[in-house]
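What follows is a short report on a single structure.
First the proteins, then the strands, lettered A, B, ... as listed; each starts at 1.
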Number of protein chains: 2
Amino acid sequence: MKATVPITVASLKVACSQCNLVELCLPFGMSESEIDRLDELVGARRKIKRQQHLYRAGDPFEAIYAIRAGSFKTDVLLEDGREQVTGFQMTGEMLGLDGISTEAHSCNAIALEDSEVCVIAYSKLEELSRVVEGLQLQFHKVMSREIVRDHGVMTLLGSMRAEERLAAFLLNMSQRFTARGFSPAEFHLRMTREEIGSYLGLKLETVSRAFSKFQDEGLIAVQQKHIRILDITGLKRLIQHPSPSPRP
Amino acid sequence: MKATVPITVASLKVACSQCNLVELCLPFGMSESEIDRLDELVGARRKIKRQQHLYRAGDPFEAIYAIRAGSFKTDVLLEDGREQVTGFQMTGEMLGLDGISTEAHSCNAIALEDSEVCVIAYSKLEELSRVVEGLQLQFHKVMSREIVRDHGVMTLLGSMRAEERLAAFLLNMSQRFTARGFSPAEFHLRMTREEIGSYLGLKLETVSRAFSKFQDEGLIAVQQKHIRILDITGLKRLIQHPSPSPRP
DNA sequence: ATGGACCGTTGATCCACGTCAACCACAAAA
DNA sequence: TTTTGTGGTTGACGTGGATCAACGGTCCAT
């Protein structure tokens with residue numbers, strides 16, 4: 001991995017206190033004086049072009065990353081070549097937490113569009129979180145949230161049918177776009193049908209068919225990657241009681 | 001929740017430094033002097049009878065737990081009554097990490113047999129991990145390991161077929177029993193077929209059939225909950241290339 | 001011992017989703 | 001403009017695992 005980052009305007013620091021993502025990112029819930037101290041933590045920023053890796057499974061773990069702009073997917077690939085998307089990440093979300101346990105990354109992080117991340121050296125994070133209580137608390141919450149999120153995906157994969165999964169996915173995207181100040185009802189997906197399918201444990205054809213079905217039923221309007229949610233309560237209803245047999 | 005613990009022999013502290021689980025539990029990798037300081041962290045122990053809850057989804061989060069004896073399952077239940085097992089935990093493993101993010105537990109933890117846990121007050125853990133570096137590092141690794149484990153389950157649920165899932169489950173159990181000094185090839189499952197199925201995203205009948213099939217093929221010997229692995233490489237082969245089409 | 005829950009096994013049938021295949025839309029390259 | 005490639009849609013068909021159902025084994029509590 002070519003680690004040398006050219007000293008350009010792009011790699012100049014931007015204080016967390018100045019960043020409009022505080023509400024979503026690591027600093028959330030920290031006091032102003034605590035956030036000021038974060039500025040010594042967040043080093044260079046790094047730009048990643050669409051389809052490029054931020055890190056690969058097996059890379060030595062040195063830093064975690066906060067997404068400043070753009071979006072990513074993480075995936076693992078099994079020995080036999082099968083690939084599974086384990087998550088999609090948006091601005092303000094953290095990448096790389098999986099690497100702490102073995103000191104090597106356990107998945108690949110790939111940009112879905114031209115993106116930019118803040119690089120947070122893990123050794124510095126540990127050091128600083130020993131003295132800044134709010135940082136320690138926040139960091140633990142971020143990790144814990146990741147665990148809870150993964151449990152959510154496990155229940156989705158373990159107990160939902162195709163259309164429920166896609167409905168849950170759309171509602172989740174909607175909610176995350178909303179939190180970032182975008183429309184809850186209209187957004188642009190950055191990932192392909194195949195990536196959505198991999199994430200949801202479905203084949204791309206099944207994803208495509210479910211999109212079409214939702215459209216026929218007037219729940220959404222789909223045009224390629226552009227989604228418009230027309231009936232949010234209808235989508236919610238879908239995931240609440242399974243299609244056949246309204247409770248045994 | 002009746003929180004008062006009677007002062008009995010059972011609740012007396014047992015130093016981590018004296019515990020035979022150090023290799024598996026939170027203290028792993030810490031220096032002796034650091035482990036000694038853990039003793040101020042680990043408060044009362046708590047006994048949980050089979051089928052009883054250690055905590056429930058929604059309970060306020062105050063402590064994490066290290067399993068001293070016995071085993072647990074964690075599960076979440078969806079609005080419509082469906083239930084999903086998110087994990088099985090054995091001695092030395094930690095419970096309750098999901099509670100940090102929202103300060104309330106997000107799943108239920110239920111003993112699969114009469115069990116005992118060490119109660120680790122979270123506020124104390126935060127405090128101590130600010131001064132004991134090894135504890136901080138270890139705790140972060142434990143959380144990260146949970147994330148990696150969850151990703152493993154996600155790939156299992158998202159891309160494996162029934163028999164592969166069960167094979168992976170058995171190999172995982174075998175490996176964990178081995179790490180605890182038990183036989184890699186012969187062990188007693190504490191959970192029902194239904195719980196295994198819920199964890200693996202399968203119905204109990206499918207689990208049962210897969211067990212029978214493995215037995216017919218000479219891979220394992222099953223007698224109710226007692227499992228003997230006869231051909232471990234055969235099981236491993238199962239999860240490496242999918243049944244039909246040996247790679248496209 | 002004995003009745004009753006609970007748990008596990010096995011068979012028959014069904015259907016949701018995967019598979020295979022053809023075709024279309026759009027974007028970048030030539 | 002045409003060409004080429006990637007991503008998306010749709011149809012026809014097959015199948016893995018769910019569902020429904022019957023029965024057997026084990027462990028308790030009486």
Review point. Does A:Lys49 come within less than 4.0 Å of A:Asp114, counting only side-chain N to carboxylate O?
Key: yes
Review point. Do A:Asn172 and A:Ser174 meet the criterion of a side-chain donor-acceptor pair at a distance under 3.5 Å?
Key: no
Practice item. To the nearest Å, give me how far apart CG (B:Leu200) and C1' (D:dG16) are. Key: 16 Å
Exercise for review: Report yes if a donor N or O on one partner sits less than 3.5 Å from an acceptor N or O on the other, where the partners are the side chain of B:Arg209 and the base of C:dG11; otherwise report no.
Suggested key: yes
Practice item. In whole angstrom, give the distance that lies between atom CD1 of B:Ile196 and atom P of C:dC7. Key: 12 Å
Review point. Which of these nucleotides, C:dT9, D:dG17, D:dG7, is closest to any side-chain atom of A:Lys225?
Key: D:dG7
Check your understanding: Given the side-chain rings of B:Phe72 and B:Phe88, with only the six-membered ring counted for Trp, is the space between their centroids under 6.0 Å?
Key -> no
Review point. Of the candidate nucleotides C:dC7, C:dT9, D:dG8, which contains the atom at the shortest distance from the side chain of A:Gln224?
Key: D:dG8
Review point. Touch check for B:Leu202, heavy atoms < 4.0 angstrom, all strands: base, sugar-phosphate only, or nothing?
Key: sugar-phosphate
Review point. Using a cut-off of less than 4.0 Å, is there contact between a side-chain N or O of A:Lys203 and OP1 or OP2 of C:dT19?
Key: yes
Exercise for review: Considering just the side-chain nitrogens and oxygens of B:Ser212, establish if one lies under 4.0 Å of OP1 or OP2 belonging to C:dT10.
Suggested key: yes
**Study point:** Residue pair A:His151 / B:Gln84, side-chain donor-acceptor N/O under 3.5 Å
**Key:** no
Point to revise | Rounded interatomic separation in angstrom, taking CG from B:Leu157 and P from D:dG17 | key: 13 Å
Review point. What is the nucleic acid contact for B:Gly201, judged by heavy atoms within less than 4.0 Å: base, sugar-phosphate only, or nothing?
Key: sugar-phosphate
Review point. Whole-Å distance between D:dG7 C1' and A:Arg190 CZ?
Key: 16 Å
Point to revise | Candidate nucleotides D:dG7, D:dT9, C:dA16, ranked by approach to the side chain of A:Arg161 - the nearest | key: C:dA16
Check your understanding: A:Gln223 has an atom CD; how far is it from atom C1' of C:dA25, in whole Å?
Key -> 11 Å
Check your understanding: Is there a donor and acceptor pair closer than 3.5 Å between the side chain of B:Arg165 and the base of D:dG17?
Key -> no
Practice item. Sequence neighbours left out, what pairs pass salt bridge (Lys or Arg N to Asp or Glu O under 4.0 Å) with at least one residue falling in residues 174-185 of chain B? Key: B:Glu93-B:Arg176, B:Glu93-B:Arg180
**Study point:** B:Phe214 CZ - C:dT9 P separation (whole Å)
**Key:** 13 Å
Check your understanding: Per the atom types in the model, does the base of D:dC20 pair as donor or acceptor with the side chain of B:Glu205 at under 3.5 Å?
Key -> yes
Practice item. Using atom CD1 of B:Ile220 as one end and atom C1' of C:dG8 as the other, report the distance to the nearest whole Å. Key: 14 Å
Check your understanding: Reckon B:Ser208 touches a base, only the sugar-phosphate, or nothing at all at heavy-atom distances under 4.0 Å?
Key -> base
Check your understanding: Closer than 4.0 Å, any side-chain N/O of A:Arg193 to the OP1 or OP2 of D:dT9?
Key -> yes
Review point. Can you check the B:Leu166 CG to D:dG16 C1' distance for me, whole Å?
Key: 15 Å
